[in-house]
Every structure is written in structure tokens, then in C-alpha cells.
Amino acid sequence: MKINIFWFRRDLRLDDNTALNYALSDGIPVLAVYIFDTGIIEEYPADDPKISFVWETLSSLNNELDKHDSSILVLKGNPETLWRKLLDSYDINAVFINKEYEPYSISRDLKIESILREKSVKLHRFKDQVIFEEREILKSDNNPYTLFTPYKNKWLQKFSRTANREVHFSDKKKLNYFRASFPFPSIEEMGFKESSIKVKPYDLSVVKSYDKYREFPSLDKTSYLGPHLRFGTVNIRKIVDIGIRENVVFLNELIWREFFMQILFNFPNVVTGNFRSKYDNVPWRNDESDFEKWSNGQTGFPLVDAGMRQLNETGYMHNRVRMITAGFLCKQLLIDWRWGEVYFASKLLDYELSSNNGNWQWAAGTGCDAAQYFRVFNPETQRIKFDRHREYIRRWIPEIDKPDYPEPMVDHIFARNRVVEAYRSSFL
């Protein structure tokens, strides 16, 4: 029997899934496949909460497919090797995927396409995780934007006059899944362990008041959408439509996500290099002891420490606090943004290369549309503005008023002068 294969990746849902819907409308039974790609997860700890979330989501999807006498074929290994085995095991008509935009994913998909072509199997790609992708939003000279505000304005203009609000719903009366009952592996059978850190359900009730409360971490008025957008358990079209109707500030955050995605796609060198090469010679101190204190929330700056402890314990950190902790590492401690980027990547449940990289380079002043190098947040001033009564701080630092809480590890004025001089010396 000829089959189509839909390859789950960053789109872990059955409804409103572009590539899956096209596969199901092709008239040929669809086999759903998920691959735990060892090229991505080989450095993850066995109990990484992101892996646990993916496994739990796949288990739920598998239960849904069981209602249609089907199931997900869950695999682990090198995708190239596994796709050769799939081609040997099944008479595959075509493979359907939703596109990804990170350098590793692009390279991997090109290799898979070449393998499929050897057997005359077509790979069909679709846009799904963004409203506008790659080079859909360009300046008048056909070059990509590197400043957010003009990008946002063009994005909004194009959105208002296109059909990007189209949503792809599966017709449940015409679902045509491949009839199969693959044993769904336990998380231990896949070589993982269940994490004690869990992804929270997203909460869209906060959208209407997002602009009023988003800067205050103690209020906990965030949507927790990040991991769900990252792994595609919800479709971006639905969320953007809510933002359009209910809160432009919330919508802007979604556009920032797409801005950084197109930066990564068009300037892949940013993965390991500064967007602004003029800062390639910044003399970073990179003190390992200072980095350890920052990582563990022991800097003596309460808002920084509260944020790092929240991150370490939960996998989440409030957006305002992310800016403060990142700026502190780069500018107060003069530690290379890449150290912090890697640490956040290992901890954040909503880790996404483009946004993580873009935001760290913004904080360091090395990225596109970044904070100027001489703009150095004072953590105590930020604390007075956004956590005046220390509710957030007390939640994460129970010893804040006790003698064993450390003194500030660096003087802010001294640190500011040091980082300004360091940056200036790098390009003078």
C-alpha cells in the first residue's frame, strides 16, 4: 500500500496543522512519524524537561490517533539513517513537513530531501510556525530588515492586505490516517527520564491587560505561551488573531519573534558571531567564578538572583527580568553573551534559537537594533521600578533579609565605567 508520511517536528498538534492537512487531503493514507533527533538532543540531560514535554505531548496525540485506528511511529536516532530505513520499509508516495528555519534544521532537511529523491519520493514543505517567513518581509531594495520598527510596520501592512488569516482545519469526516498500532514507547525505553519541571498550560486570559501588567514579575500576568509556540502545540495564526483583536503590545511580541526568525534565516552567522562585527574585539573578562555566581543566583543583586533562581527551578523567567539578568552578565560582569545564551538554552522551556540569540545580542549591544553598549541597566533601579515591594524577590529568595544573603559582587558605577571603556577600546 502506498502511503504518505507526515513528519512531526515543531508542530505537535492534529488540528490546524498545515502540512498534516495537505497530507490528509492527498487521498493516500497518512503515517505520522516523530524522530527524536540525536543531532539535537545528544547533549541534553536524560531528564530534560523539554524532552519530557515532547514525549507527553506525543503520548496525547497518539491517544487521539488511536481513535482513528492509527498511531505515531516514534523513533530515535540519526534522521538520515532512519529515513533510509523508512524508505526500505514502506512504499512512500510523498513526505509532508512544516518548514523550520534554523541552520541545522535547514541543512538536515536538504539531506533528507536528497535521500528521498533517490527513491523518487517528493518532499513537500509548508509554512506553519510563522505568519511571514524567510524573505517575505523585505525593504524596498529587497534586502531583509535589521531594525524592528520598520519591519513591524511592513509586517502589519502586509498582514492587513493578505489572506494570512487562513486557518487549515482537518475535516474529521475525511481523516485518512494509515491504519497501524505501533507500541508507544515509555520515556525510559527512549533513554530519557521524566522531569520534575513541567510546562504550564498557556493562558490567553491575560492578553487584554498584557500592556498594563507585563512589566511586573510579581503579578505573574504572562501567557506562558512560549513553549507551546516553540513546539507547535498551538498555531501562531490563532494567537496572532487574538493579538490583533485584543492587544497591540502583545501582538508586537509575536512580531518580535518573527523578526528574530528572519534575522537568523538571513544572517545565520549570528549563531556564533556578533551581528555587529565592530564588537568582535570586545575584551570579555569571562571570569568563571563570576559566571557561577550569576548562574546560581548569588550575585547580591536581588532582582538578578530572583530571576536566575526562578529559571533554575522552573524553566521560566519573566521577560523584564530576562533583560536585567542578561544585561548584568554582559555589562556588569563583562562576560561574553555567548556564555549566557548557552546557559539560557539549557534551562528555558521556551528556548528558541532565534529569539534567545537575538535577545542576548540585544542585551549585549552586539546585535541588530540592539541596546547601545553604553546603556547599562542598574539592577537596583530596575527593582524599584518593577518590584518595589519585593514580592517577586521574596518569592525566590527566602533569605533576602538574612545575613547569609551575599553582598553585591560588583559596584554598579565601577562596572558601568569598565564596560563602556571595554567596548570603546574594541573599535577605536
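Count residues from 1 along the sequence. Source: prediction; values computed, not measured.
- Ring-plane geometry between F265 and Y101 is classed as perpendicular, the angle between the planes exceeding 60 degrees on a 0 to 90 degree scale with a lower cut at 30.
- A cation-pi arrangement is found for K200 relative to Y316, the charged atom lying closer than 6.0 Å to the ring centre and inside a 45° cone about the ring normal.
- Under a 3.5 Å cut-off, the side chain of R395 and the backbone N or O of S218 do form a donor-acceptor pair.
- Here the side chain of N4 pairs a donor or acceptor atom with the backbone of A94 at under 3.5 angstrom.
- W256 and F260 have tilted rings, their planes meeting at an angle from 30° to 60° on a 0 to 90° scale.
- Taking the six-membered ring for Trp and thresholds of 30 and 60 degrees, Y210 and F250 have ring planes more than 60 degrees apart, a perpendicular arrangement.
- Interatomic distance, CD of E215 versus CG of L219, reported as 11.0 Å (0.5 Å rounding).
- In this structure, CG in D37 is found 3.5 Å from OH in Y104, a value given to the nearest 0.5 Å.
- When each of F231, F192, Y351 is checked for a ring pair (Phe, Tyr, Trp, His ring centres under 6.0 Å) with F53, only F231 meets the rule.
- Judged by distance alone, with hydrogens and angles left aside, the side-chain atoms of R416 form no donor-acceptor pair with the main-chain N or O of Q332 at under 3.5 Å.
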Checking L229 against D350 for the side chain to side chain contact (heavy atoms under 4.5 Å, CB included) test, could you report, in this order, the C-alpha distance in whole Å, the side-chain angles of both residues, the deciding distance, and whether it holds? CA-CA 8 Å; L229 289 173; D350 63 1; over 6 Å; no

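- Ring geometry for F8 versus F6: interplanar angle over 60°, hence perpendicular rather than tilted (30 to 60°).
- In terms of modelled atom types and a separation under 3.5 Å, the side chain of N247 and the main chain of K208 share a donor-acceptor contact.
- To the nearest 0.5 Å, the span separating CG on D128 from CD1 on I131 amounts to 9.5 Å.
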Passes side chain to side chain contact (heavy atoms under 4.5 Å, CB included), D47 versus S52? Steps please. CA-CA 7 Å; D47 63 345; S52 288; 5.9 Å; no

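- Partners of F126 according to the ring-ring contact (aromatic ring centres under 6.0 Å, His included) rule, which considers only residues two or more places apart in sequence or in another chain, are Y22.
- In terms of the ring-ring contact (aromatic ring centres under 6.0 Å, His included) criterion, residue partners of Y343 (sequence neighbours excluded) are, by chain and number, W294.
- R13 places a side-chain N or O within donor-acceptor distance of the main-chain N or O of D16, the cut-off being under 3.5 Å.
- Geometrically, K50 engages Y44 in a cation-pi contact defined by less than 6.0 Å to the ring centre and at most 45° from the axis.
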Please report the C-alpha distance between D203 and S223 in whole Å, then the side-chain angles of each, then the deciding distance to 0.1 Å, and finally whether the side-chain hydrogen bond (donor to acceptor under 3.5 Å, both in side chains) criterion is met.
CA-CA 5 Å; D203 179 9; S223 67; over 6 Å; no

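- Between the side chain of S107 and the backbone N or O of P103, no donor-acceptor pair lies under 3.5 Å.
- At a threshold of 4.0 Å, the pair E133-K99 counts as salt-bridged, since one of the basic side-chain nitrogens sits closer than that to a carboxylate oxygen.
- Under a 4.0 Å N-O distance rule, the pair R309/E399 qualifies as a salt bridge.
- Geometrically, R9 engages W7 in a cation-pi contact, judged by NZ or CZ lying under 6.0 Å from the ring centre and within 45° of the ring axis.
- A salt bridge links E136 to K127: at least one charged side-chain nitrogen sits closer than 4.0 Å to a carboxylate oxygen.
- Annotation: side chain of D88 is in contact with side chain of K119 (closest heavy-atom distance under 4.5 Å).
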